[in-house]
S.K.: 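Right, I'll just put the structure down here and ask away after.
These values consider heavy atoms only, across backbone and side chains, with no hydrogens, waters or symmetry-generated copies. Ligands are counted one by one from 1 in listed order, and the atoms in each one are counted from 1 as well.
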Amino acid sequence: MILILKSGVSEDQVSHVIDRVESLGFQAHLSRGTYRTIVGIIGDESRLAPESLRAIPGVSEVIPVLPPYKLASLEAHGEPSIVDVGGVKVGGGKLLLIAGPCSVEDPERMDRIARAVRDAGANMFRGGAFKPRTSPYAFQGLGEEGLKILREIGDRYGMPVVTEVTDPRNVELVAQYADMIQIGARNMQNFALLTEVGNARRPVLLKRGMSATINDLLMSAEYILSRGNSSVVLCERGVKGFDSCTRNLFDVAAVPVVKGLSHLPIIVDPSHATGRPDLIAPCAMAGLAAGADGVHVEVHDCPEEAKSDGPQALLPNQYADLVRQLRQLATLLRKQISPLPGVTV
Ligand code: PEP
Ligand code: MN
């Protein structure tokens with residue numbers, strides 16, 4: 001940590017800063033420039049609270065040397081980590097292709113969609129049983145019944161399944177049925193929920209909040225990692241923008257930014273980022289080209305009958321076309337769509 005002192009700081013204040021740092025068990029290294037005086041603090045930075053240092057009279061700025069997300073940082077691991085979700089690997093050149101409807105619906109429909117996306121090349125099936133809806137009157141999901149359907153279909157087609165949890169009280173329940181637990185954008189900073197999924201021994205798909213900075217996203221990942229759950233996959237799903245042409249603003253640059261800061265895999269979700277089927281393929285390709293470790297797409301066989309997010313769903317044949325394009329790009333990037341467990345390529 002580096003403390004920059006105010007210009008015109010008094011000698012008494014400089015001595016007090018040094019005394020305070022030393023009383024906290026750290027070494028202080030004083031450096032006097034022509035205009036500013038700087039105090040370098042030597043020791044384990046994670047034991048220091050920047051706010052209390054900022055409150056010392058004469059201190060102007062407190063600059064941490066290490067990122068505050070110690071476990072999520074690239075330095076913590078040195079190389080990109082690979083997360084295993086029910087035998088499907090993501091990261092380190094292995095791509096995750098998540099597909100399925102927004103909400104879990106009736107078993108026959110789920111069966112049709114799962115078969116279609118698996119045949120197209122998806123390696124994880126999705127569907128929400130607990131839906132975070134803006135309106136309390138909108139479809140809220142099938143709850144445990146939906147989890148049962150999702151599990152059954154996943155087992156039938158040999159695909160791991162991912163589904164959202166919205167309430168800390170349901171984490172255990174969701175973990176019983178799902179291979180991966182999704183934290184949605186609206187809950188990215190629900191710290192009680194992050195702590196619970198951190199305690200659960202299930203990989204977590206952490207979506208970026210719609211108004212969250214990349215630092216916020218990595219700090220939320222840190223909550224999960226700090227509970228001992230090291231299987232975290234991040235997801236860029238767009239942030240609030242000012243232009244209503246798209247549902248959100250797809251922040252494709254977030255992918256290489258995160259890659260430079262963290263070892264955690266990151267995938268993109270062009271469905272929620274754009275809200276428009278015609279933009280999903282170009283944004284999925286852009287995400288992959290930018291270094292994403294996978295793509296999350298909503299697929300429905302009859303969008304007009306979908307219980308939620310129908311207008312942004314791709315039809316199964318459109319999804320199959322997209323996977324063909326993604327496969328070609330993956331080859332160019334020397335990456336591979338992770339095979340389903342038991343399937344040899
Ligand atoms: C979803 O995945 O269906 C969803 C609600 O996503 P988000 O949290 O990104 O809005
Ligand atoms: Mn959705």
Side-chain angles (χ1 to χ4, degrees), residues 85 96-105 109-110 113 117 122 124-136 138-143 146-147 150 161-167 170 174 178-190 193-194 197 203-212 214 216-217 220-221 224 232-241 246-252 254-255 258 266-277 279-280 283-284 287 292 294-315 319:
V85 190
L96 178 63
L97 296 190
I98 301 175
C102 182
S103 296
V104 176
E105 301 189 25
R109 168 152 276 154
M110 294 299 283
I113 302 174
V117 298
M124 190 174 295
F125 189 50
R126 67 148 280 149
F130 294 99
K131 296 304 301 177
R133 305 307 299 278
T134 304
S135 164
F139 178 65
Q140 303 286 311
L142 297 177
L147 295 176
L150 191 67
V161 295
V162 56
T163 195
E164 181 166 355
V165 66
T166 53
D167 185 323
N170 288 333
V174 171
D179 298 288
M180 185 175 220
I181 304 175
Q182 176 176 322
I183 298 291
R186 288 154 194 80
N187 275 308
M188 191 207 81
Q189 285 188 314
N190 181 336
L193 191 57
L194 296 174
V197 298
V204 177
L205 179 65
L206 177 64
K207 299 185 95 179
R208 181 180 181 184
M210 53 197 85
S211 308
I214 289 167
D216 294 337
L217 173 65
S220 290
I224 301 167
V232 177
V233 176
L234 307 172
C235 179
E236 164 56 41
R237 49 78 72 207
V239 290
K240 287 268 184 214
T246 54
R247 182 173 176 180
N248 287 292
L249 187 65
F250 179 42
D251 183 6
V252 71
V255 174
V258 165
I266 179 165
I267 66 168
V268 290
D269 171 358
S271 298
H272 293 88
T274 68
R276 284 175 43 174
L279 302 182
I280 290 174
C283 290
V295 181
H296 176 281
V297 174
E298 286 186 345
V299 178
H300 200 281
D301 64 345
C302 185
E304 68 184 78
E305 288 176 9
K307 299 267 189 221
S308 58
D309 282 350
Q312 71 189 27
L314 282 191
L315 291 164
Y319 183 67

S.K.: Is atom NZ of Lys307 surrounded by more than 12 heavy atoms (other residues, nucleotides or ligands) closer than 6.0 Å?
M.R.: no

S.K.: Could you work out, with salt bridge (charged side-chain N to carboxylate O under 4.0 Å, His left out) as the rule, every residue matching Glu304, not counting sequence neighbours?
M.R.: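 None.
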
S.K.: Picking from Arg208, Lys207, Arg126, Arg247, what satisfies salt bridge (Lys or Arg N to Asp or Glu O under 4.0 Å) with Asp269?
M.R.: Lys207

S.K.: Apply side-chain contact (heavy atoms from CB on, under 4.5 Å) to Pro132 and list each qualifying residue two or more places apart in sequence or on a separate chain.
M.R.: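 For Pro132, the residues satisfying side-chain contact (heavy atoms from CB on, under 4.5 Å) (neighbours in sequence not counted) are Glu164, Thr166, Arg186.
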
S.K.: For the atom pair CD1 (Ile183) and CG (Leu193), what is the distance rounded to the nearest 0.5 Å?
M.R.: 4.0 Å

S.K.: Distance from Asn248 atom CG to Arg237 atom CZ, nearest 0.5 Å?
M.R.: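 Asn248 atom CG to Arg237 atom CZ measures 4.5 Å (nearest 0.5 Å).
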
S.K.: Have a look at Ile98 and tell me which of Val117, Val299, Leu205 forms a side chain to side chain contact (heavy atoms under 4.5 Å, CB included) with it.
M.R.: Leu205

S.K.: Any donor-acceptor pair under 3.5 Å linking the side chain of Thr274 with the backbone of Leu279?
M.R.: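 No; judged by distance alone, with no hydrogens or angles, the pair does not exist.
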
S.K.: Quick one about His272 and Asp309 (side-chain donor to acceptor, distance below 3.5 Å, no hydrogens or angles considered), yes or no?
M.R.: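 Yes, a side-chain donor-acceptor pair sits under 3.5 Å.
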
S.K.: Could you pull out every N or O of ligand 1 that sits under 3.5 Å from a protein N or O, with the distance for each pair?
M.R.:
{"from": "ligand 1", "atom 1": "2 (O)", "to": "Arg126", "atom 2": "NH1", "distance (Å)": "2.8"}
{"from": "ligand 1", "atom 1": "2 (O)", "to": "Gln182", "atom 2": "NE2", "distance (Å)": "2.9"}
{"from": "ligand 1", "atom 1": "2 (O)", "to": "Lys207", "atom 2": "NZ", "distance (Å)": "3.0"}
{"from": "ligand 1", "atom 1": "3 (O)", "to": "Arg126", "atom 2": "NH2", "distance (Å)": "3.0"}
{"from": "ligand 1", "atom 1": "3 (O)", "to": "Lys131", "atom 2": "NZ", "distance (Å)": "3.0"}
{"from": "ligand 1", "atom 1": "3 (O)", "to": "His272", "atom 2": "NE2", "distance (Å)": "3.1"}
{"from": "ligand 1", "atom 1": "3 (O)", "to": "Glu298", "atom 2": "OE2", "distance (Å)": "3.2"}
{"from": "ligand 1", "atom 1": "6 (O)", "to": "Lys207", "atom 2": "NZ", "distance (Å)": "3.0"}
{"from": "ligand 1", "atom 1": "8 (O)", "to": "Ala185", "atom 2": "N", "distance (Å)": "2.7"}
{"from": "ligand 1", "atom 1": "9 (O)", "to": "Lys207", "atom 2": "NZ", "distance (Å)": "2.9"}
{"from": "ligand 1", "atom 1": "9 (O)", "to": "Arg237", "atom 2": "NE", "distance (Å)": "2.6"}
{"from": "ligand 1", "atom 1": "9 (O)", "to": "Arg237", "atom 2": "NH2", "distance (Å)": "3.4"}
{"from": "ligand 1", "atom 1": "10 (O)", "to": "Arg186", "atom 2": "NH1", "distance (Å)": "2.9"}
{"from": "ligand 1", "atom 1": "10 (O)", "to": "Arg237", "atom 2": "NH2", "distance (Å)": "2.8"}

S.K.: Under 2.8 Å from the Mn ion (ligand 2), which protein N/O/S atoms are there?
M.R.: Cys102 SG, His272 NE2, Glu298 OE2, Asp309 OD2

